[in-house]
There are 2 protein chains.
Amino acid sequence: MPCLEMLIELFRQNGRKITPQRRLILEVLTQHSEHPTAEEIYQQVVITMPDVSRATVYNTLRELMTLGGVTEAFESGEGGVRYETNPGNHHHLFCTRCYKLVDIHHDFAEVALSPGELAGYQIVGHQVTFYGLCPDCQEREKDEVLSSEM
Amino acid sequence: MPCLEMLIELFRQNGRKITPQRRLILEVLTQHSEHPTAEEIYQQVVITMPDVSRATVYNTLRELMTLGGVTEAFESGEGGVRYETNPGNHHHLFCTRCYKLVDIHHDFAEVALSPGELAGYQIVGHQVTFYGLCPDCQEREKDEVLSSEM
DNA sequence: GTCTCTGCAAAGTCTTTGCAATACG
DNA sequence: CGTATTGCAAAGACTTTGCAGAGAC
């Protein structure tokens with residue numbers, strides 16, 4: 001659903017121009033299955049278009065944010081803000097050790113607040129994040145326990 | 001629950017020393033009802049102890065993180081990472097416009113994933129974040145609509 | 001042709017580090 | 001007393017800005 005055409009349309013409809021740089025940035029963003037940082041997007045972009053500057057990447061991401069095409073996801077750990085398209089109905093599995101962030105597609109329709117708890121907020125969505133150790137980090141923890149016991 | 005004594009105990013038990021600076025930083029952190037940024041903690045700290053440096057605040061927060069006494073909450077918007085004590089059972093109400101973050105105390109015990117969805121993760125907790133407009137920002141939006149209609 | 005966008009480099013934020021002096025336990 | 005911690009200033013990481021020239025529509 002976060003297809004390239006939709007994002008391009010979004011730019012067009014808001015009077016923004018579609019430059020090759022922007023198109024490429026959007027492509028990288030939509031094809032990236034993880035949640036890239038600005039720097040990662042930049043690195044990906046310069047492979048095919050070496051003269052693109054970081055400023056352009058940052059500018060484009062910021063434009064996209066104000067247009068609602070991406071959101072900043074979870075920045076915890078290192079490396080700067082991570083971006084994600086399709087802020088729609090999906091949730092996260094977050095490794096507290098290596099900071100990997102994985103999408104879950106599951107409908108938590110039952111999650112809702114009572115009017116009293118809303119404190120007057122007008123809710124537009126919600127997201128559930130599960131914290132834990134990813135399989136790789138579970139292994140690493142085991143190894144550490146073993147070596148510390150020696 | 002995130003009382004000062006617990007955090008101090010946490011430092012002690014890990015062989016850390018309790019300096020007046022640290023004590024003050026921990027006090028500010030536990031008494032702060034919102035989710036302060038490092039800078040906000042610093043500003044609060046220098047009121048009573050003007051010679052404390054930012055480095056000390058950052059160092060202490062980092063120590064606390066590795067000891068598990070605080071977590072980085074949601075950084076979305078501006079101003080840097082926000083910290084929070086009691087990462088326990090509570091959830092968030094997040095204003096997408098002014099980035100205010102409010103705690104909700106509600107037990108979403110029904111939120112769980114099937115083994116297949118876990119992808120091998122060992123879950124230790126979960127957090128639900130509701131997105132929307134806080135009452136103040138709803139007002140601001142209304143005002144904008146009115147003025148743009150003229 | 002107009003007006004936005006780009007690329008560069010410089011500036012701005014936020015955070016970390018190196019090191020000598022200090023002070024906790 | 002020994003060792004962790006402090007404060008300072010400088011460095012580092014991430015992001016934004018200013019401006020002249022280029023390019024989309």
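These values consider heavy atoms only, across backbone and side chains, with no hydrogens, waters or symmetry-generated copies. Order of the sequence lines fixes the chain letters, A, B, ..., with proteins taken first and strands second; residue numbering starts at 1 for each chain.
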Backbone N/O of B:Asp136 and side chain of B:Glu139: donor-acceptor pair under 3.5 Å: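 No, B:Glu139 side chain to B:Asp136 backbone: no donor-acceptor pair under 3.5 Å.
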Polar side-chain atom of B:Gln138 near backbone of A:Gly120 as donor-acceptor pair, under 3.5 Å: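 Yes; judged by distance alone, with no hydrogens or angles, the pair exists.
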Near-strand residues of residues 42-61 of chain A, defined as heavy-atom separation under 4.0 angstrom from DNA chain D: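 A:Ala55, A:Tyr58, A:Asn59, in order of number.
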In whole angstrom, what separates [X]'s [atom1] from [N]'s [atom2]?
X	N	atom1	atom2	answer
A:Leu64	C:dC5	CG	C1'	15 Å
B:Ile41	C:dC14	CD1	P	14 Å
B:Glu63	C:dC24	CD	P	17 Å
B:Arg62	D:dA4	CZ	C1'	16 Å
A:Met65	D:dT15	CE	P	11 Å
B:Arg82	C:dC14	CZ	P	11 Å

For A:Arg16, what residues pass the salt bridge (Lys or Arg N to Asp or Glu O under 4.0 Å) criterion, not counting sequence neighbours?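 Checked A:Arg16 against salt bridge (Lys or Arg N to Asp or Glu O under 4.0 Å); matches are A:Glu63.
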Do A:Leu133 and B:Met65 sit in one hydrophobic cluster, given that two such residues count as connected whenever their side-chain heavy atoms are within less than 4.5 Å of each other, even indirectly?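 As far as the 4.5 Å side-chain criterion goes, B:Met65 and A:Leu133 are not connected within one cluster.
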Closer than 4.0 Å, any side-chain N/O of B:Gln21 to the OP1 or OP2 of C:dC24?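 No, outside the criterion.
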Parallel, tilted or perpendicular, as decided by the 30° and 60° cut-offs, for the rings of B:Tyr131 and B:Phe94: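 Taking B:Tyr131 first and then B:Phe94, their aromatic rings stand perpendicular (interplane angle over 60°).
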Ring-plane angle category for B:His90 and B:His105, please: parallel below 30°, perpendicular beyond 60°, tilted otherwise.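 B:His90 vs B:His105 ring planes: tilted.
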Side-chain heavy-atom pair A:Leu29, A:Leu61 within 4.5 angstrom cut-off: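 Answer yes - side chains close enough.
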Measuring only between side-chain heavy atoms, which start at C-beta, is B:His91 closer than 4.5 Å to B:Thr129?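 A side-chain contact under 4.5 Å is absent here.
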A correct 5'-to-3' footprint of nucleotides 19-25 of chain D, with B, S and - meaning base, sugar-phosphate only and no protein heavy atom under 4.0 Å, is ----BBS
